[in-house]
Protein chains: 2
Amino acid sequence: MAELDKFDHRLLELLQENARLTGSALAQQVGLSSAACLRRVQRLRESGVIERDIAVINPRVFGKRMTVVVLVTLNNDRPDRYNLLRAELAKAPEVVQCDHVTGAHDIVLRVKVADMEDYSAFVDRVLVQPYIKRYESLAVLGVIK
Amino acid sequence: MAELDKFDHRLLELLQENARLTGSALAQQVGLSSAACLRRVQRLRESGVIERDIAVINPRVFGKRMTVVVLVTLNNDRPDRYNLLRAELAKAPEVVQCDHVTGAHDIVLRVKVADMEDYSAFVDRVLVQPYIKRYESLAVLGVIK
DNA sequence: GGTTTTACGCGACAATTTCGCAAATTTTCG
DNA sequence: CGAAAATTTGCGAAATTGTCGCGTAAAACC
């Protein structure tokens, strides 16, 4: 993976905001020709710098109107179960993000559900189990960024 | 915003994974003509169902190899400063996600930085201020999802 | 300083998207 | 239930966008 110059950085910056920018739109903002921009973007994709392009969908469409951040603390006396839990969390459709972290907690989840009932069902199904010692639910009131 | 049928749902599902799918690729998987698919996608964009399309960039490219989840607790005696802080957090380039939440904490941040030093600078610049009572840093060891 | 390498812009070509239109399907309403 | 209205489809043409080769210019290397 070769070095990225300021043109590449600018392109990434722009595409990170709007991946549908056209060659000439990029050209205008970057100061290269359309073809040059597209060639660079093509290489950025092939080399894996741009991992993929995704559509951001309004969560209300799927009836997922509620987001919850969950701080999970594990029972550290059962390290064998960790991979199982990992797999389970990755599989759960409600979980849109899941990080293993250091500190007072072990796992931070971002969960999208329709409503409280839905969330409650998720908790019962996934979170209530002996390997999880404690979990703290933080309902998202508003997305600042 | 009209009702979405199964075709729209399938299109969204596909584009959520890969926004660069071409009209005929969509047609093949959805069972409509290329033009019909593209027309529907166009409408989904215009109506805001598809909020935007973004390129996912390998974080290492920008040298941001470290992710931290930060739980922020505010001094609730200064409600006037909330909007200021909001704006400041939204502006900070290190902050990739920022939610206002209920519960034991007030704000949950997702921060991407190069290293500890970088993170420390971020903390000093943004987080160390009278309006913030406390913050808890959870370094991300691994992204499960 | 000359040579090689790399990247650019230009322009032709290919692929993709957009648009108009008639037919088909679905919805509305008497 | 059935006809009129509205919506959506597929097809094909037109427009836009992306890809590629080529000659040239700039940068890197020796």
Side-chain angles (χ1 to χ4, degrees), chain A residues 1-65 93 96 112 114-115, chain B residues 1-65 93 96 112 114-115:
Chain A
M1 196 189 292
E3 271 320 291
L4 304 182
D5 60 17
K6 61 172 181 175
F7 292 121
D8 292 313
H9 279 93
R10 184 86 185 104
L11 287 169
L12 291 173
E13 207 174 293
L14 291 167
L15 292 175
Q16 199 161 30
E17 282 298 313
N18 179 6
R20 303 193 72 234
L21 286 174
T22 183
S24 46
L26 292 171
Q28 217 164 1
Q29 303 205 46
V30 168
L32 288 177
S33 75
S34 165
C37 287
L38 292 170
R39 252 185 315 234
R40 290 176 96 111
V41 172
Q42 197 172 26
R43 283 219 317 235
L44 289 170
R45 277 194 233 281
E46 282 164 4
S47 66
V49 172
I50 295 177
E51 295 178 345
R52 57 189 192 143
D53 291 71
I54 62 175
V56 178
I57 285 136
N58 186 328
R60 287 166 191 262
V61 171
F62 290 127
K64 301 297 176 84
R65 296 193 308 277
V96 296
K112 279 196 193 295
D115 49 32
Chain B
M1 196 190 291
E3 271 318 293
L4 305 182
D5 61 18
K6 61 173 180 174
F7 292 121
D8 292 313
H9 279 94
R10 184 87 185 101
L11 287 170
L12 292 174
E13 206 175 292
L14 291 167
L15 292 174
Q16 200 161 30
E17 281 298 312
N18 179 6
R20 304 193 71 236
L21 287 174
T22 183
S24 46
L26 292 171
Q28 218 164 0
Q29 302 204 45
V30 169
L32 288 178
S33 74
S34 166
C37 287
L38 291 170
R39 253 183 316 231
R40 290 177 95 112
V41 172
Q42 196 172 25
R43 281 209 329 226
L44 290 170
R45 277 193 234 281
E46 282 164 4
S47 66
V49 172
I50 295 177
E51 295 179 344
R52 57 190 192 142
D53 291 71
I54 62 176
V56 178
I57 284 136
N58 186 328
R60 286 166 190 263
V61 170
F62 289 128
K64 301 298 175 82
R65 295 194 305 277
V96 295
K112 278 197 194 294
D115 49 34

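Quick note on labels: first sequence line is chain A, next is B, and so on, each numbered from 1. What you see is a predicted model; the values in this text were computed from it and never measured. When reading the values below, keep in mind they use all heavy atoms of this one structure, side chains included, and skip hydrogens, waters and symmetry mates.
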Notebook entry, point to check: Looking at B:Ala27 and B:Ser33, what are the two nearest heavy atoms and their distance?
Noted result: CB-C, 3.7 Å
Next item on the list: Could you tell me, to 10°, how much the axis swings from one end of the helix from C:dG1-D:dC30 to C:dG30-D:dC1 to the other, five pairs per end?
Entry: 50°
Next item on the list: Using a strict cut-off of less than 4.0 Å between a Lys/Arg side-chain nitrogen and an Asp/Glu carboxylate oxygen, indicate whether A:Asp53 and A:Arg45 qualify as a salt bridge.
Entry: yes
Check: Does any non-hydrogen side-chain atom of B:Val61 lie less than 4.5 Å from one of A:Asp8?
Finding: no
Next item on the list: Kindly state which residues belonging to residues 10-19 of chain A come within less than 4.0 angstrom of DNA chain D, counting heavy atoms of the residue only, listed by number.
Entry: none
Check: How about A:Arg40 and A:Val30: do any of their side-chain heavy atoms sit closer than 4.5 Å?
Finding: no
Next item on the list: Before accepting this row, confirm whether a basic side-chain N of the pair A:Arg43/A:Glu46 lies closer than 4.0 Å to the acidic partner's carboxylate O.
Entry: no
Margin query: Using side-chain heavy atoms (C-beta onward) and a distance below 4.5 Å, is A:Ile57 in contact with B:Leu44?
Written below: no
Margin query: For a 4.5 angstrom cut-off between non-hydrogen side-chain atoms, does B:Leu26 reach B:Leu15?
Written below: yes
Item checked: Minimum heavy-atom distance B:Lys112-B:Pro59, with the two atoms named -> CD-CB, 4.3 Å
Checklist line | For A:Phe62, ring pair (Phe, Tyr, Trp, His ring centres under 6.0 Å) partners two or more places apart | finding: B:His9
Next item on the list: Enumerate the residue pairs fulfilling side chain to side chain donor-acceptor pair (under 3.5 Å) with a member in residues 18-31 of chain A, sequence neighbours excluded, ordered by first and then second residue.
Entry: none
Notebook entry, point to check: Can you name the nearest heavy-atom pair linking B:Asn58 to A:Gly48, along with the distance?
Noted result: CB-O, 3.7 Å
Item checked: For B:Cys37 against B:Leu32, the heavy-atom pair lying closest together -> SG-CB, 4.0 Å
Tabulate protein N/O versus nucleotide N/O from nucleotides 12-18 of chain D, keeping only pairs under 3.5 Å, one per line.
from, atom 1, to, atom 2, distance (Å)
D:dG18, OP2, A:Thr22, OG1, 3.0
D:dG18, OP2, A:Gly23, N, 2.7

Checklist line | Covered region of DNA chain C, 5' end to 3' end, by chain A [heavy atoms, under 4.0 Å] | finding: C:dA7 to C:dC10
